K.L.:
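Structure below; questions to follow.
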Number of protein chains: 2
Amino acid sequence: MNKLNKRFDMTAVATDVVMLVVEDKELKLLLIKPKHPELAGKWALPGGMVNPDESVEDSVKRHLLNKAGVKDVYLEQLYAFGEVERDPFGRVVSIAYLALVPDSQRIKLMTTGSYEGISWHPISQLPELAYDHQKIVDYSIERLKAKIGYTNVIKELLPEDFTFNQLMGAYELILGKKLDKRNFSKKIIALKLIKPTKNKSVGGAHRPALLYKFTSKDLKIIEIL
Amino acid sequence: MNKLNKRFDMTAVATDVVMLVVEDKELKLLLIKPKHPELAGKWALPGGMVNPDESVEDSVKRHLLNKAGVKDVYLEQLYAFGEVERDPFGRVVSIAYLALVPDSQRIKLMTTGSYEGISWHPISQLPELAYDHQKIVDYSIERLKAKIGYTNVIKELLPEDFTFNQLMGAYELILGKKLDKRNFSKKIIALKLIKPTKNKSVGGAHRPALLYKFTSKDLKIIEIL
DNA sequence: ACAAAAGTGTTTGGAGTACACCCATGG
DNA sequence: CCATGGGTGTACTCCAAACACTTTTGT
């Protein structure tokens with residue numbers, strides 16, 4: 001137990017954020033590298049203490065802005081992790097959030113005083129994580145897997161305009177399995193989830209694809225898969 | 001802001017529990033009546049502060065034991081409510097839990113020093129609730145509705161042995177709609193969720209029904225509805 | 001005998017799944 | 001002209017939903 005507990009004799013509240021992006025046909029996670037010697041070699045989720053004068057969600061936003069220069073991303077609370085010994089530096093209950101950013105939106109990675117670095121890591125090959133952060137990441141992937149099956153959240157991981165294959169690719173990455181192109185297209189069209197734009201993709205080495213938009217900007221609950 | 005904030009200059013962690021039971025063909029919620037004059041006329045969810053030396057879940061169990069004499073009930077974390085002004089007495093983040101108890105299990109309702117009373121209230125006619133507790137209750141019902149559709153949690157609300165109609169009745173209460181007897185039975189039997197015992201119900205004014213047991217004591221994830 | 005809940009099958013429509021070929025473009 | 005990803009339809013199977021009568025018991 002550290003000075004935090006000694007000083008206050010109560011439980012502190014922090015947040016941890018699992019921030020995901022789809023890039024280069026990989027699902028990637030934002031991690032920071034703490035300077036603290038006890039965590040040498042390990043990476044951690046971005047996050048930090050909740051101030052008394054800010055809501056928990058505002059606290060997440062503040063830390064994301066400070067560490068990654070990000071505003072207006074999709075945020076969803078995952079779970080509160082409340083084991084006594086989960087943080088060796090003190091009694092901290094951590095409220096985990098999931099953040100999704102579209103591939104197009106560039107994040108400004110900022111290395112502040114307390115961190116050696118901050119960078120994106122493919123989910124399939126994560127380094128060793130500090131605290132119970134691996135557990136939090138696993139949990140978040142499970143949640144996301146489930147949620148793309150009954151909502152249109154996936155839109156938060158795609159740019160404004162996208163091709164049909166980008167959409168299906170994002171589903172396949174998250175679910176970790178291949179989908180049938182024709183059946184998937186049938187369902188997405190039947191649900192009127194997306195609508196074609198008048199443009200086509202450019203730069204692809206081959207046949208240009210139609211670009212689509214989502215029909216709704218709001219999160220919708222609809223059975224998809 | 002109260003002394004809690006002034007003294008610690010940080011955020012406190014508490015829990016609130018939505019404890020449900022099925023009784024008299026009603027879904028009922030356990031509420032306490034606080035003595036504090038500022039909450040006059042309002043009821044509240046049972047719960048309390050998390051001590052630094054106990055996990056959040058252990059804290060829920062402790063408060064349930066103290067206030068309702070309950071042990072070994074189904075507990076599931078719902079959501080952490082973290083708005084700054086949610087509690088007029090101080091900066092408190094509350095982690096809400098759902099608790100399910102089988103109708104047979106008798107709860108010893110204990111009125112301790114800080115409460116005027118504790119009792120069960122049908123969900124369909126709740127009194128005015130303190131804080132953001134109505135929001136928490138609404139959220140918990142939504143969660144339960146979803147969860148009985150893809151798990152066997154419903155067992156936590158039923159006695160060891162139960163009739164087919166008790167089971168279907170519990171589903172109907174939570175979903176708030178009638179189900180088809182034959183289709184429901186077909187599905188439940190196909191899933192091997194329950195097995196018949198050698199006994200029949202007694203005391204009913206009419207034809208006795210077969211009693212069933214759940215085939216598994218563990219929470220199972222299976223598409224049910 | 002009658003009132004009340006228990007128990008039990010069939011039909012039909014819609015959704016999910018499996019499956020293969022031609023097209024447009026850049027190099 | 002060739003390589004690469006883009007785009008499209010049909011047939012079959014299975015599950016969901018609609019639907020009504022007979023049985024057993026207590027009074």
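So you know, we letter chains A, B, ... as the sequences are listed, proteins then strands, and number each from 1. The structure displayed is predicted, hence computed values, not measured ones.
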K.L.:
Nearest of D:dA3, D:dG7, C:dG7 to any side-chain atom of B:A209?
P.N.:
C:dG7

K.L.:
Look at A:K35 together with A:E116 and state whether they make a salt bridge at an N to O cut-off of under 4.0 Å.
P.N.:
no

K.L.:
Compare the minimum distances between each of C:dG7, D:dG9, D:dG7 and the side chain of A:N183, then state the nucleotide with the smallest one.
P.N.:
D:dG9

K.L.:
Go nucleotide by nucleotide along DNA chain D from the 5' end; which of B:L225 and B:P208 gets its closest nucleotide reached first?
P.N.:
B:L225

K.L.:
To the side chain of A:K181, which of D:dG7, C:dA3, D:dC19 is closest?
P.N.:
D:dG7

K.L.:
Is it the case that atom NZ in B:K220 sees more than 12 heavy atoms from other parts of the structure closer than 6.0 Å?
P.N.:
no

K.L.:
Quick one: A:H206 NE2 to D:dG7 P, roughly how many Å, whole number?
P.N.:
14 Å

K.L.:
Return the value, rounded to whole Å, for the distance between atom CE of B:M168 and atom P of C:dT8.
P.N.:
14 Å

K.L.:
If you assign each of A:R182 and A:I224 to its closest nucleotide in DNA chain C, which residue comes earlier from the 5' end?
P.N.:
A:I224

K.L.:
In whole angstrom, what separates A:Y212's OH from D:dG7's P?
P.N.:
6 Å

K.L.:
In terms of side-chain heavy atoms of B:L210, which of C:dG7, D:dT25, C:dG26 is nearest?
P.N.:
C:dG7

K.L.:
Without decimals, in angstroms, what is the distance between A:D180 CG and C:dA18 C1'?
P.N.:
7 Å

K.L.:
Tell me the interatomic distance from A:K186, atom NZ, to D:dG7, atom P, rounded to whole angstroms.
P.N.:
17 Å

K.L.:
Heavy atoms from C-beta onward define the side chain here; which of D:dA17, C:dG16, D:dT24 lies closest to that of A:K187?
P.N.:
C:dG16

K.L.:
Per the atom types in the model, does the base of D:dT25 pair as donor or acceptor with the side chain of B:K200 at under 3.5 Å?
P.N.:
no

K.L.:
What's the spacing between A:K67 NZ and A:L45 CG if we round to 0.5 Å?
P.N.:
11.5 Å

K.L.:
So, the side chain of B:T15 versus the backbone of B:G47: is there a donor-acceptor pair under 3.5 Å, distance only?
P.N.:
no

K.L.:
Compute whether any side-chain donor of one residue and acceptor of the other, for A:N152 and A:K155, lie under 3.5 angstrom apart.
P.N.:
no

K.L.:
Mind calculating the distance between CG (B:L179) and C1' (D:dC19) to the nearest angstrom?
P.N.:
16 Å

K.L.:
Kindly say if B:N165 contacts the phosphate of C:dA6, meaning a side-chain N or O under 4.0 Å from OP1 or OP2.
P.N.:
yes

K.L.:
In whole angstrom, what separates B:L191's CG from D:dC15's C1'?
P.N.:
12 Å

K.L.:
Among D:dA17, D:dA3, C:dA5, which nucleotide sits nearest the side chain of B:R207?
P.N.:
C:dA5

K.L.:
D:dG6 C1' sits how many Å from A:I188 CD1, rounded?
P.N.:
17 Å

